[in-house]
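See structure below.
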Amino acid sequence: MVNYKIIANQSITPSTQLLTLQYVQGERLVFRAGQYAAINGYKGRRAMPIRCFSIVTSPTDTDFLQFSMRVKGHFTKAVASLPVGDMVHVQGPYGGFVINRHDNSKVVYLAGGIGITPFISMIRLATITRSTTDMRLVYSAQSQDDIPFLDILKWHDGQNPSFTPTFVVSKGPRDKLDGYASAEGRITSEVLESIVGVTYADVDTIFYVCGPPPFMNGMLHLLQSKGISRSRINTEAFSQGRNRQTGLVRDWPFSMYGLTALGTVAALLAITTGDFIRTVPRLTTTKHSLSLGGSSTANQRQSDIDALINSLPARGAGSQSSPGVQSAVAAATPPTTTVSPITGLAILPTSQSTITPGSKTATSGAATPVATSTSTAAPATPPAPAPTPAPKPAPVCTTSQSGVTTCK
């Protein structure tokens, strides 16, 4: 955004306003001839909306900037009333309606109404740089008084031998156009051929069309009816219609914004679609499992138990289980006991044998009553070791004077 100060704000025709700005501070606006920029100012202390207008100054004028507009709406009327000395903000440049003066040997400018503004910048640059490109302007206006920049066009016609203007007015006198090629009515193929000298078969001729939508549609139909390919026609319309712009250099800021928005929408759509696809199967599976209830779970458990039982080897004489497995199964199976109705003692089956603690032999055959108790028996205390006898004292012997030895 560049700040400019208004140094002139004047009407150049009854319906056309010219706004002249002077560079103040910040970066200068660098643009190409034919491009446009967005401007906004302040009405009192209230910021005005941003609107785009074509630049009419040459890119070589770095300290000054001019915009021209048709005054008929609320915004253009507000711009026309901005006083000298006010500050405005300029953003841009935008647009690809530009000319490559190094490649185009012949160009025909077809302008209608306020569509003359981008061509003024191109013509000014061509005169300053002494371009040898053959430029022919055909300008259509309601009357000779509705031709903005008429004096400027006459001046460039005298300064630039490669530039030739032709004026076509719908009605009224043409006395101000004396000495210049002019016609009454509209731009037709006869005007282009006889007055302008256009040769449609010349593939080196490029056409630039700018103006209101009706003018744009009429010129496109005329050129295409003469066999001019669409690649040789560049357009810039002051509307959002289908013929808005087909310049040689596309409007990269708006294109990048548009591509970024499309990429964001596509990414969000892809993420949303992926989440939806992953969610739908989960919901279906959950609903199906809930409808089965506990029966499916019980059937699955029963199947697991059956499979486990079938995987175990058969017991009996023909069993091939190892002895360690057989003894482990037998030890894990508790013996079946019965309780005597009289004594209340547990009776072991006759087929079992047991050893009663403290007995010398095992009882086999007849059932032996065994007292039952819920408490756990304490382990038997081992017998204390026998005491070691004390050693006998050594005998004490004495010998008398007569030679007799006695031991006690």
Side-chain angles (χ1 to χ4, degrees), residues 2-24 28-29 31 33-44 46-93 109 111-125 127-128 137 139-159 165 167 169 172-173 175-177 180 210-212 236 238:
V2 184
N3 296 322
Y4 283 87
K5 181 175 66 175
I6 300 176
I7 60 174
N9 194 358
Q10 62 192 95
S11 297
I12 54 178
T13 70
S15 60
T16 308
Q17 192 77 11
L18 180 65
L19 182 66
T20 305
L21 309 176
Q22 184 179 21
Y23 164 79
V24 177
R28 287 178 170 85
L29 187 71
F31 63 94
Q35 289 187 302
Y36 60 93
I39 63 174
N40 73 305
Y42 292 89
K43 193 67 174 178
R46 183 177 180 181
M48 298 172 58
I50 299 177
R51 293 291 185 273
C52 295
F53 300 99
S54 294
I55 304 172
V56 298
T57 46
S58 170
T60 57
D61 297 330
T62 57
D63 292 333
F64 299 95
L65 201 62
Q66 285 185 325
F67 297 92
S68 184
M69 62 207 71
R70 183 76 70 182
V71 180
K72 63 178 181 179
H74 294 291
F75 182 81
T76 52
K77 291 180 180 179
V79 172
S81 64
L82 290 176
V84 174
D86 274 14
M87 300 294 297
V88 296
H89 305 300
V90 180
Q91 302 179 31
Y109 299 147
I114 196 63
I116 188 63
T117 51
F119 296 128
I120 296 297
S121 179
M122 296 179 184
I123 295 169
R124 282 174 166 172
L125 178 63
T127 301
I128 293 173
L137 171 68
Y139 183 45
S140 176
Q142 292 292 328
S143 66
Q144 64 178 4
D145 294 330
D146 287 333
I147 301 177
F149 308 103
L150 178 59
D151 294 338
I152 294 176
L153 293 173
K154 290 180 178 181
W155 184 85
H156 284 283
D157 177 59
Q159 296 294 320
F167 303 96
V169 295
D175 56 288
K176 294 181 180 180
L177 305 176
Y180 298 91
C210 184
E236 174 88 314
F238 299 131

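FYI, the numbering just counts along the sequence from 1.
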Test log, rule side-chain contact (heavy atoms from CB on, under 4.5 Å), inputs L150 and L177: CA-CA 9 Å; L150 178 59; L177 305 176; 4.0 Å; yes
Could you give the distance from [atom1] ([X]) to [atom2] ([Y]), rounded to the nearest 0.5 Å?
| X | Y | atom1 | atom2 | answer |
| --- | --- | --- | --- | --- |
| L29 | N3 | CG | CG | 12.0 Å |
| C52 | F67 | SG | CZ | 9.0 Å |
| I114 | T76 | CD1 | OG1 | 10.0 Å |
| M48 | I39 | CE | CD1 | 7.5 Å |
| Y109 | M122 | OH | CE | 5.5 Å |
| T13 | D146 | OG1 | CG | 6.0 Å |

Using the rule given for side-chain contact (heavy atoms from CB on, under 4.5 Å), can you reason through V169 versus Q142, listing the C-alpha separation, both sets of side-chain angles and the distance that settles it, and then say yes or no? CA-CA 5 Å; V169 295; Q142 292 292 328; over 6 Å; no
Would you mind reporting whether [Y] and [X] have side-chain heavy atoms less than 4.5 Å apart?
| X | Y | value |
| --- | --- | --- |
| L65 | V90 | yes |
| I128 | S58 | yes |
| I7 | F64 | yes |
| I152 | I123 | no |
| K72 | S15 | no |
| L137 | L153 | yes |
| I147 | I116 | no |
| T117 | M69 | no |

Locate the shortest heavy-atom distance separating G115 from F119; write the atom from each residue and the value. O-CD1, 3.5 Å
Identify the two heavy atoms, one from P165 and one from D157, that lie closest to each other, and give their separation to 0.1 Å. CD-OD1, 3.2 Å
Report the C-alpha separation of T16 and S68 in whole Å, then their side-chain angles, then the decisive distance to 0.1 Å, and conclude whether the side-chain contact (heavy atoms from CB on, under 4.5 Å) test is met. CA-CA 7 Å; T16 308; S68 184; 3.3 Å; yes
Spell out, as yes or no, whether a donor-acceptor pair under 3.5 Å connects the side chain of [X] to the backbone of [Y].
| X | Y | result |
| --- | --- | --- |
| R124 | V56 | yes |
| Y139 | G113 | yes |
| S121 | P118 | no |

Excluding sequence neighbours, so at least two apart, what forms salt bridge (Lys or Arg N to Asp or Glu O under 4.0 Å) with R28? D63
Would Q91 and N40 count as having a side-chain donor-acceptor pair, cut-off 3.5 Å? no
Does any donor atom in the side chain of Q66 or T20 lie under 3.5 Å from an acceptor atom in the other side chain? yes
So which of D86, L19, L18 actually passes side chain to side chain contact (heavy atoms under 4.5 Å, CB included) with N9? L19
Would the number of heavy atoms belonging to other residues, nucleotides or ligands and lying under 6.0 Å from NZ of K154 be above 12? yes
Checking side-chain contact (heavy atoms from CB on, under 4.5 Å) for the pair T57/F31: CA distance, chi angles, key distance, verdict? CA-CA 10 Å; T57 46; F31 63 94; 4.0 Å; yes
Check the pair Q17, S11 against side chain to side chain donor-acceptor pair (under 3.5 Å), reporting the backbone distance first and the verdict last. CA-CA 4 Å; Q17 192 77 11; S11 297; 2.9 Å; yes
Taking the six-membered ring for Trp and the single ring otherwise, decide whether the centroids of F53 and Y36 are under 6.0 Å apart. no
